[in-house]
Amino acid sequence: MWGIVKKDFYDTFCIPKNLLSNILGYLAMIILAVLMGQNRYMMMLFVVVCIPMTTISVFQMALEQDEKVQFDEIMLTYPVTKKEIILARFIDNFIYMGINTVISVIMVLGYVYLGKTVDIRTGMFYVAAGIAVSLIATAVFSIGFYLLGNKKGTILYVGMVIVTAGFYGLTSRGQWISRIFQTDPRILTGIALILGGLLMAGSYWVCLKIYTRQHS
Amino acid sequence: MENAIEIRNLSKEYRDFSLKNLSLNVPRGTVLGLIGENGAGKSTLIQSMLGLIKAEYEKIELLGKQLRNQEKEIKEDIAVIFDVSHYNPEYTPAFIGKMLKKVYRNWDMEKYEAYLSRFGLPSDKKLKKFSKGMKMKLEFAIAFSHKPRLLILDEATSGLDPVFRDEILELIREFTEEEDHTVVISSHITSDLDKVADYIAFLHEGKLQFVKSYDELQNDYGVLHCGKDFFESLREEDIVSFKKEPYEYKVLVRNRNGILSVFPDLEMEKASVEDIMLMYVKGEA
């Protein structure tokens, strides 16, 4: 199982095309962050929407590579069960979620101590909200990718990212999020995290069913 | 003799094809050649017996373990090689080794590196720079490096030139020197099977027509060319199939020695695996 995780990260970070797209993605985010300066809503866009939405990219990039060479054919001959194959993809997601959380925390620290945009407590709540968004989005997109394959799954993914970012931008420049957080941030974040965790568990089960059906 | 493979009543239904109640035993330490035309069910059989696709069966036992509840353990001892490489062209043999070290309990990195060096495969070169033959050799290096006891080749020699195919057959022979090592080769290139197979299993339209030892096929089956009168004088049970050609009958017969004892002057060729397959598929029964 860990061999599959290793392969997926190699696909994402060592295949030149994917490495380049990852570097460009992070670079674009850094440039935007620097250009927009102390903008609180931009910070929320990065930490709560953009970074969490990229969590699925390890899985997407691995799936893209697997489809090219029909890697599943050989992978299913390995001493790994279908459950472990799906679990490996969810481990990918959790590892990348961890990496993204570290990036978000660094970004928030920059906004807190360099930009003085928000206080540390608020910043960390944004990070927690980002984790919840990450869990929910990854759960949904994993099913989408297993069900639709890489191409159609990517269309769904890009579409959802645009819709979410657009919705965020249109709803009073994200002030609705602030309002939600002002009500009772601890409880709301907790609920979102629990919901995300439950969705991930459900998503694992659905993905396993889809994968088993595809290979029977 | 103990069996490496025991299959009882295996069936797999597709909309336009089905594998029907197939039963098959393969003794340990032997090479089974699996033949049949395209779509005969060879790959379906291999995929079913490995649990890669879901099939109905009474029993599938590989290397003494039940597929139903010991699939993972079975796969530790099996190596499968397909006709094309399923490894990403951006991978290097070195990376594949590192990945598979975390997949197989028995992975032997030293052995893997020794095979890479023996086959002249650079470990840090990307697969996209490898020829088809080099990729196939890499597949063998991978296959042999986790100490499998059952090697399954699904059309693995197709598309290779005769020199390369011969090298591959040599590797198979080397593998079977260990007495509990078993090989299943599905191949269109029946001449390869003539060189290495101990048993031949023939699949036609999803049904297993026969499983016979290669020696039995060689001794029992024959091809003769004759006129109508002679054809009609043959016993029905000796005729496997025949083809009516413009000036003669081409007949695949069993009981070759029996026929020759009655007609000592008869010119009858030994039937090759290809003859048998072609006559079964194209001839009239």
Side-chain angles (χ1 to χ4, degrees), chain A residues 1-23 58-92 95 149-150 208-216, chain B residues 12-14 43 46-56 62 65 69-92 94-107 126-128 135 138-139 142-143 146 148 150-154:
Chain A
M1 188 174 72
W2 289 103
I4 297 165
V5 174
K6 193 178 178 92
K7 178 206 82 69
D8 289 346
F9 274 85
Y10 185 95
D11 287 344
T12 310
F13 295 106
C14 297
I15 288 183
K17 179 185 86 88
N18 292 343
L19 177 66
L20 188 69
S21 91
N22 280 319
I23 291 172
V58 174
F59 176 43
Q60 182 273 322
M61 287 175 184
L63 188 71
E64 182 191 16
Q65 297 304 318
D66 286 359
E67 281 185 3
K68 274 185 193 167
V69 292
Q70 293 175 300
F71 185 75
D72 282 294
E73 287 224 14
I74 194 75
M75 182 163 60
L76 287 165
T77 71
Y78 294 162
V80 286
T81 60
K82 291 187 177 94
K83 275 183 189 171
E84 287 172 331
I85 290 171
I86 301 298
L87 189 61
R89 264 61 207 263
F90 277 74
I91 290 172
D92 290 347
I95 294 174
N150 174 54
L208 181 60
K209 290 282 166 205
I210 296 169
Y211 191 74
T212 307
R213 201 180 172 138
Q214 282 169 347
H215 296 278
S216 63
Chain B
K12 173 71 187 172
E13 287 277 339
Y14 286 112
S43 293
I46 289 175
Q47 288 174 336
S48 302
M49 73 186 219
L50 291 172
L52 307 186
I53 54 172
K54 208 173 172 182
E56 300 292 318
L62 303 177
K65 292 177 182 133
N69 49 20
Q70 292 173 290
E71 186 178 332
K72 197 174 166 180
E73 293 94 317
I74 288 171
K75 286 177 178 175
E76 284 283 355
D77 292 325
I78 287 183
V80 186
I81 300 178
F82 295 101
D83 57 339
V84 289
S85 172
H86 290 291
Y87 291 103
N88 197 300
E90 292 288 340
Y91 294 171
T92 61
F95 170 71
I96 292 173
K98 283 178 198 162
M99 173 180 81
L100 293 178
K101 193 180 161 190
K102 293 192 180 294
V103 169
Y104 288 101
R105 229 177 12 221
N106 292 335
W107 185 260
K126 288 188 175 178
L127 266 54
K128 63 184 176 188
K135 281 182 192 162
L138 175 65
E139 295 284 339
I142 293 167
H146 65 274
L150 174 59
L151 176 64
I152 297 174
L153 310 178
D154 190 0

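We name chains A, B, ... by the order of the sequence lines, and we start the count at 1 in each one. Any value given below was found using the heavy atoms of this structure, including those in side chains, with hydrogens, waters and symmetry copies removed.
A distance of 9.5 Å separates CE in B/Met99 from CG in A/Asp8, rounded to the nearest 0.5 Å.
For the pair B/Pro89 and A/Val69, the tightest heavy-atom approach, listed with the atom from each and the gap, is CD-CG1, 3.7 Å. A/Glu73 approaches B/Leu52 most closely through the heavy-atom pair O-CD1, 4.4 Å. B/Thr92 approaches A/Tyr10 most closely through the heavy-atom pair N-OH, 4.4 Å. When every heavy atom of A/Thr81 is checked against every heavy atom of B/Lys72, the shortest pair comes out as CG2-CD, 4.2 Å.
The parts of A/Lys6 that come within reach of chain B are both its backbone and its side chain, each placing non-hydrogen atoms under 4.5 angstrom from that chain. In this structure, the portions of B/Tyr87 lying under 4.5 Å from any heavy atom of chain A include both its backbone and its side chain. For A/Asp11, the part lying under 4.5 angstrom from a heavy atom of chain B is the side chain only. Heavy-atom distances place both the backbone and the side chain of B/Lys98 under 4.5 Å from chain A.
With respect to chain A, the highest number of heavy-atom pairs below 4.5 Å among B/Lys101, B/Lys102, B/His86, B/Lys54 belongs to B/His86. Here B/Glu76 is the residue among B/Lys12, B/Glu76, B/Gln47 with the most heavy-atom pairs under 4.5 Å with chain A. When each of A/Met75, A/Gln70, A/Gln214 is checked for heavy-atom pairs under 4.5 Å with chain B, A/Gln70 comes out on top.
The aromatic rings of B/Tyr91 and A/Phe71 stand perpendicular to each other, their planes meeting at an angle above 60°, with 30° marking the opposite boundary.
The backbone N or O of A/Leu76 sits less than 3.5 Å from a side-chain atom of B/Lys75, completing a donor-acceptor pair.
Counting only heavy atoms from C-beta outward, the side chains of B/Phe82 and A/Thr77 approach each other to under 4.5 Å. Looking at heavy atoms from C-beta onward, A/Lys17 lies out of side-chain contact with B/Glu90 at the 4.5 angstrom threshold.
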